[in-house]
2 protein chains.
Amino acid sequence: MRDAYKMATITDPEREFLAAYDPTVYERPSLTVDVALIRVSDDALGTLLVTREEHPDKGKAALPGGFVRMSESLDEAAQRVLREKAGLEGVFLEQLYTFGAPDRDPRTRIVTVTYFALVDGRRFDAIDRATHAVVPARIEVPWEGETGGPIDALTEGGGSLELAFDHADILGMAVKRIRGKLDYTPIGFQLLPDRFTLRQLQHVHETVLGRPLNKDSFRRRMLASTELEATGERQRDVDHRPAALYRFGRRSAV
Amino acid sequence: MRDAYKMATITDPEREFLAAYDPTVYERPSLTVDVALIRVSDDALGTLLVTREEHPDKGKAALPGGFVRMSESLDEAAQRVLREKAGLEGVFLEQLYTFGAPDRDPRTRIVTVTYFALVDGRRFDAIDRATHAVVPARIEVPWEGETGGPIDALTEGGGSLELAFDHADILGMAVKRIRGKLDYTPIGFQLLPDRFTLRQLQHVHETVLGRPLNKDSFRRRMLASTELEATGERQRDVDHRPAALYRFGRRSAV
DNA sequence: TGAATAGTGTCTATAAGACAATATCCC
DNA sequence: GGGATATTGTCTTATAGACACTATTCA
């Protein structure tokens, strides 16, 4: 601890400068990352939660998260959390928003940098629940468009699920952001396997946006967008005319 | 400090739990906010910088910023920084992105939550430079649309200005975000005084986007958008037909 | 009256929605 | 062949850009 005399005579910028060198001068918030992992399952959005084993909010469901380590970037921390908590690697991950209300965690000041991740629903189901204590959940969006606001999660059976801390707000922000990006960035692909039909892609868009889309217009837009690449293959084992399979363009020509 | 015996036998989640209670268990990053304050001046975007008086990057220009205090939210910290460094209150402020590369500050690990702020250019000029040591700067955007990337700042005279740390990246992210939001959110108003003409609003949009806009189409879009409210007043002391003055709608009907 | 910019009306090109017709698979 | 969905083509409607014309102020 510095002596009071010195603290009283140095100016504010100096104090901040010293504080940066000496972590004991000022208290500082803890820093975590939390990840909203989103998938499309049947007719609803889904996410992956972890049951809290400790107080506070013991027993409630929380987003997978963890403290940021000194040597890793924020992106790396989010990747690590996904790997440790869900065994997932190489999923699409993007920073969402940083939540820092002083009272958002009753223990102490914890600021959390949140991310959203998009993953093919099947990889979601393939997670080994014995080694990773995750809870798949359905997402219920109580607003239209990009209104925003907190979001409830339900168990896969449809039972209600209490969310810890401000995680309902984080999920709401994730859905709002994804809806906004869907129209002008190639992001829907991330929720599908490598090869997919236009119908499947439209279903993903409709589920994310929470409203039906015009089929003809959707086809035209997607085919005109240069993001899609025809594989030349078609569906197999369907009891109707098989649709062409597309893949996300490598954008090699950029 | 806890004894080594105990540290060795507790599990990882427990350790994190304890770390949250006891700030000395783990080192944690410092947390700051930095604000990219944007205005439109004549034919270019402008921002407000502060000359660094200390190492590292002494003498370089930096965004106004400061450490987050334990009792204030992130938004409040950003507001405080604007008040303390530039004497500005009540400006539009929105969280931008959180930068946390481990080596972004050579002193120690500093994670910064960045904001962008939009302000009428005239309030910018009215800042008392004697009490607030700020440097107005012009912004040079070296890419089109929403490509993104770091951005250079110039002195008002046109001389080059070296930016500290990763602040060129932060400015670039701010411009990219503002360009993206301009088309579908009422944000251009924030860069103008209370009352303004459609021409002035179009000039703001063109300066932000860095490209000319179709006058007729711009008028139609704006007048159809319900965001604008005619004041019934007109321009005065112009040597041509005076344009109608509009104001940002109170959105009372939402 | 003339210079200058504001504001209006009309035409055209482009993108979205609606709908009909045809194609291709499995049974 | 029949059921089902994919794919193509055409028509209609909404929106953006282009352009010509009229309006209003000050010098």
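Chain letters run A, B, ... following the sequence lines, proteins first, then strands; residues in each count from 1. Please read these numbers as outputs of a predicted model, since none were measured by experiment.
For the pair A:Asp237 CG and D:dA6 C1', the interatomic distance rounds to 17 Å; values are reported in whole Å. Taking atom CG on A:Asp239 and atom P on C:dT24, their separation rounds to 18 Å, with Å as the unit. Here D:dT5 presents its C1' atom at 17 Å from CZ of A:Phe218, a figure rounded to the nearest Å. When the P atom of C:dA6 is taken as reference, atom CD of B:Gln202 falls 9 Å away, rounded to whole Å. Distance, A:Arg236 CZ to D:dA6 C1': 17 Å, rounded to whole Å. Between the CD atom of B:Gln235 and the P atom of C:dA4 there is a distance of 16 Å, given to the nearest Å. Going from atom NE2 of A:His240 over to atom P of D:dA6 covers 5 Å, rounded to whole Å.
Legend: residues meeting side-chain contact (heavy atoms from CB on, under 4.5 Å) with A:Arg236, ordered by chain and number and at least two apart, are absent. For the side-chain contact (heavy atoms from CB on, under 4.5 Å) test, residues two or more places apart in sequence or in another chain that qualify with A:Leu182 are A:Ile187, A:His205, A:Val208, A:Leu209. Applying the side-chain contact (heavy atoms from CB on, under 4.5 Å) rule to B:Arg220 yields the partners B:Ser217; only residues at least two apart in sequence or on another chain are considered.
Residue pairs meeting the salt bridge (charged side-chain N to carboxylate O under 4.0 Å, His left out) criterion with at least one partner in residues 198-212 of chain A, sequence neighbours excluded, do not occur; the list is empty. Residue pairs meeting the side-chain hydrogen bond (donor to acceptor under 3.5 Å, both in side chains) criterion with at least one partner in residues 149-176 of chain A, sequence neighbours excluded, are A:Arg39-A:Glu156, A:Arg104-A:Asp166.
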Can you give one letter per nucleotide of nucleotides 7-15 of chain C, going 5' to 3': B for a protein heavy atom under 4.0 Å from the base, S for sugar-phosphate only, - for none? BBBB-----
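One finds the CZ atom of B:Phe189 at 5.5 Å from the CZ atom of B:Phe196 (value rounded to the nearest 0.5 Å).
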